[in-house]
Amino acid sequence: MIQLIEFILKFDEHLDSMVKAYDVWTYAIIFAIVFCETGLVFTPNLPGDSLLFAVGAFCARPNQPLEIWTATLLLTIAAIGGDTANYHIGKLLGPKVLAGKLHWLNQKHLDRMHRFFEKYGGKTIIIVRFVLI
C-alpha cells in the first residue's frame, strides 16, 4: 500500500518507466490523474502541476512515444472535464452541505468559510487555487 501511495504522489519521477511499460496507454493514465486532481474534491494531492511539466519535458525528448500535441489536447480535455465534474458535484452537494444536512462536516467551519467569501469575494477563488488548505 505504501508503494502505491509513493508511486501516485511521485508519479512524475516514475514517468520514464511507465512509458516504457505502457507505451501510448500512458496517455490514459495521465488523463485520469489530471481529471481526478482537478475534478474530485478528495484528490487534490495528486501530482497535477508537476506532472504537466514532467510530461512536457518527456515529450521533448527524442524518440519518445508521447507526442506533445496529443498530450496537450488530452490534458486540456482532462482539466476542463475535471473542473466541470467538480462544478456539478458542488452543485449537487452544495445545498446539502450549506444546510447542515451532512453531519460529518463542521457547521462552524462552513460558516467561517462563508464569512471569508463574503468579505473577500472573487479574490477567494484565486487565493484558494494557490493555497492547498
Side-chain angles (χ1 to χ4, degrees):
M1 185 67 173
I2 292 174
Q3 291 174 336
L4 176 64
I5 293 170
E6 189 266 338
F7 179 78
I8 291 171
L9 293 178
K10 296 182 179 181
F11 180 80
D12 52 320
E13 296 174 11
H14 302 287
L15 188 59
D16 192 34
S17 60
M18 176 171 284
V19 171
K20 289 176 184 170
Y22 298 108
D23 202 42
V24 294
W25 283 100
T26 306
Y27 287 125
I29 296 167
I30 295 169
F31 182 95
I33 290 172
V34 171
F35 180 88
C36 291
E37 195 259 345
T38 306
L40 302 177
V41 176
F42 53 88
T43 57
N45 308 28
L46 292 176
D49 296 341
S50 61
L51 178 62
L52 296 177
F53 285 108
V55 168
F58 199 84
C59 288
R61 293 168 52 183
N63 301 322
Q64 293 300 320
L66 297 183
E67 207 273 321
I68 189 68
W69 294 109
T70 305
T72 301
L73 178 66
L74 288 174
L75 296 178
T76 301
I77 292 169
I80 293 170
D83 187 56
T84 302
N86 198 16
Y87 169 79
H88 287 291
I89 291 169
K91 186 177 176 183
L92 177 70
L93 295 178
K96 294 176 185 173
V97 169
L98 295 176
K101 293 180 182 176
L102 298 177
H103 299 289
W104 47 273
L105 290 174
N106 187 332
Q107 190 63 38
K108 186 169 64 172
H109 292 164
L110 291 174
D111 293 338
R112 189 169 151 209
M113 180 272 312
H114 184 71
R115 285 193 308 274
F116 182 86
F117 185 75
E118 290 294 322
K119 181 177 180 181
Y120 295 105
K123 290 185 268 184
T124 305
I125 304 302
I126 303 301
I127 293 168
V128 300
R129 175 64 182 114
F130 298 105
V131 178
L132 184 58
I133 298 175

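Computed from a predicted model, the values in this text were never measured in an experiment.
- The structure places CG of Leu92 at 11.5 Å from OH of Tyr87, a figure rounded to the nearest 0.5 Å.
- Across Ala71 and Val55, no two heavy atoms sit closer than the pair CB-CG1, 4.0 Å.
- Relative ring orientation between Tyr120 and Phe116 is described as tilted, the plane-to-plane angle lying within the 30° to 60° band.
- Pairing each heavy atom of Arg61 with each of Phe58, the nearest pair is NH1-CE1, 3.0 Å.
- Residues Leu74 and Val34 form no side-chain contact, since every pair of their non-hydrogen atoms from C-beta on lies 4.5 Å or further apart.
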Practice problem: Start with the C-alpha gap between Thr38 and Ile80, add the side-chain angles, then the distance that decides, and say whether side chain to side chain contact (heavy atoms under 4.5 Å, CB included) holds. | Solution: CA-CA 8 Å; Thr38 306; Ile80 293 170; over 6 Å; no

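- In this structure, CD1 on Ile77 lies 11.5 Å from OG1 on Thr84, to the nearest 0.5 angstrom.
- You'll find the side chain of Ile30 reaches within 4.5 Å of the side chain of Leu75, heavy atoms only.
- Both Leu66 and Ile29 belong to a single network of hydrophobic side chains, linked directly or stepwise wherever heavy atoms of I, L, V, M, F, W or Y lie under 4.5 Å apart.
- To the nearest 0.5 angstrom, Lys119 atom NZ is 14.5 Å from His114 atom NE2.
- The hydrophobic clustering, which links ILVMFWY residues whose side-chain heavy atoms are closer than 4.5 Å, places Trp25 and Leu73 together.
- Atom NZ of Lys91 and atom CG of Asn86 lie 14.0 Å apart (nearest 0.5 Å).
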